[in-house]
There are 2 protein chains.
Amino acid sequence: MPSTRPGRDREEKRTELVDAARRLFVQDGYDATSMAALAREARVAANTVYWYVGDKDDVLIAVLDALLAEGLADYASIADRPLREQLRWTVERLRGMRRLVATVHARIGRSAALDAWHDAFHASTEGILRAALEGAVDPGAIDAEVRIAVFAVEGLLTHELAEQERRAVCDQLAARWVAPEDRPGRPPG
Amino acid sequence: MPSTRPGRDREEKRTELVDAARRLFVQDGYDATSMAALAREARVAANTVYWYVGDKDDVLIAVLDALLAEGLADYASIADRPLREQLRWTVERLRGMRRLVATVHARIGRSAALDAWHDAFHASTEGILRAALEGAVDPGAIDAEVRIAVFAVEGLLTHELAEQERRAVCDQLAARWVAPEDRPGRPPG
DNA sequence: ACCTGAACACCGTTCAAGT
DNA sequence: ACCTGAACACCGTTCAAGT
């Protein structure tokens with residue numbers, strides 16, 4: 001007897017589609033991945049994707065959800081490390097999906113569903129960062145400080161910098177997050 | 001007798017095309033502007049654009065060049081104002097072309113010509129900012145500081161924030177650019 | 001319910017043909 | 001040299017038709 005509750009197979013098939021899309025989106029980018037290529041990767045007819053997921057923006061959102069869930073789960077393992085290291089880790093961790101960062105921003109205003117995802121993403125990640133920064137920066141400046149950090153991370157993803165330069169940006173950002181009395185003194189000379 | 005030197009008319013026509021493209025790109029965005037729509041705006045056949053400009057990425061680059069030249073010219077008029085005001089001015093000034101910022105980042109790696117433009121843009125604008133920051137920040141941190149500022153400006157353009165929030169980010173950024181002895185004391189309480 | 005072949009309305013670009 | 005109509009190879013999406 002089938003132990004699968006109704007909808008189980010459908011869910012599985014949908015996951016396969018999204019996994020295929022994730023592979024191609026991360027590898028080749030959203031624009032460079034046609035629905036035909038996605039269907040080929042998943043071994044279905046081109047229009048079958050629409051039966052399981054919806055249009056191309058819905059596929060993108062499903063992929064982003066999967067990447068975000070995985071990223072947040074991974075983040076838990078380093079959430080107790082110093083802020084400077086957390087920042088470095090986040091940038092390197094997100095580098096694999098840097099094309100998608102630019103894609104999301106380019107598609108804002110063209111897909112209401114993606115707009116909503118983007119808003120929720122920022123609310124979620126900025127909430128985490130804000131909590132982490134509490135006590136480390138002036139309370140009145142915390143919102144602006146959070147935004148600067150998020151924008152810097154996004155910038156590090158959408159621009160090709162050397163690893164050393166990425167680290168320098170992270171360190172410079174984090175330099176103002178320690179309490180003044182803990183700051184290293186200026187090097188003499 | 002024609003006082004136009006050879007190539008003059010061609011240049012004019014090309015400028016008309018680029019002006020039409022600029023109008024549509026700024027208004028509707030790059031992706032939403034088809035070559036057919038651009039040709040219609042300029043009152044030529046769809047394929048005539050290729051005779052004067054090149055492919056769609058070349059049109060984009062021509063538009064970006066025009067916008068950048070105008071922006072730099074406008075900047076000269078406020079270049080002597082305090083850094084905090086320069087930053088605010090830059091963000092508000094660039095807001096009109098915010099869709100194009102995301103477009104450039106999304107198309108990086110897909111057009112070699114656009115890659116080159118993007119590199120030159122950053123070299124130019126970061127050079128200006130670096131010169132302005134000289135003496136206002138620790139010399140060893142100036143590169144990272146410049147990048148943080150540029151990324152923050154780009155972030156303010158690709159995200160919908162209220163004007164008050166945009167100002168808060170600019171002010172928070174600029175807060176570390178004044179020499180420590182000039183910084184306002186913490187508000188009492 | 002699930003999947004598809006065929007079609008639709010586009011898209012950027014090319015090219016032979018005109019002037 | 002300049003401009004075009006027509007075509008090309010795509011694209012995302014829809015839909016009637018199958019099982």
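Throughout, protein chains are lettered first and strands after them, A, B, ... in sequence-line order, and every chain is numbered starting at 1. Below, all heavy atoms of this structure are taken into account, side chains as well, without hydrogens, waters or symmetry copies.
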Whole angstroms only, please: what is the [atom1]-[atom2] distance between [X] and [N]?
| X | N | atom1 | atom2 | result |
| --- | --- | --- | --- | --- |
| A:L60 | D:dT13 | CG | P | 12 Å |
| A:D55 | C:dA9 | CG | C1' | 16 Å |
| A:D58 | D:dT13 | CG | P | 9 Å |
| B:Y50 | D:dC2 | OH | P | 19 Å |
| A:M35 | C:dC8 | CE | P | 20 Å |
| A:D31 | D:dC10 | CG | C1' | 14 Å |
| B:K56 | D:dC10 | NZ | C1' | 14 Å |
| A:D9 | C:dC2 | CG | P | 9 Å |

Has A:R10 got a side-chain N or O lying under 4.0 Å from the OP1 or OP2 atom of C:dA1?
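For A:R10, the contact criterion (side-chain N or O under 4.0 Å from OP1 or OP2 of C:dA1) is not met.
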Parallel, tilted or perpendicular: ring planes of B:Y75 versus B:W89, cut at 30 and 60 degrees:
tilted
Please work out if B:S34 contacts a base, only the sugar-phosphate, or nothing of the nucleic acid, heavy-atom cut-off 4.0 Å.
sugar-phosphate
Write down the atom of B:Q172, the atom of A:A144, and the distance for their closest heavy-atom approach.
CB-CB, 3.7 Å
Taking a pair as Watson-Crick or G-U wobble with both distances under 3.5 Å, which nucleotide is matched to C:dT14?
D:dA6
Using both distances under 3.5 Å as the test, list the Watson-Crick or G-U wobble partner of D:dT19, or none.
C:dA1
For the aromatic rings, using the six-membered ring if either is Trp, is the centroid distance between B:H159 and A:H122 under 6.0 Å?
yes
Taking A:R167 for the side chain and A:R88 for the main chain, is one N or O donor matched with an acceptor at less than 3.5 Å?
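No; judged by distance alone, with no hydrogens or angles, the pair does not exist.
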Nearest to side-chain heavy atoms of A:V44, which nucleotide of C:dT4, D:dT4, C:dC2:
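Of the candidates, C:dT4 comes closest.
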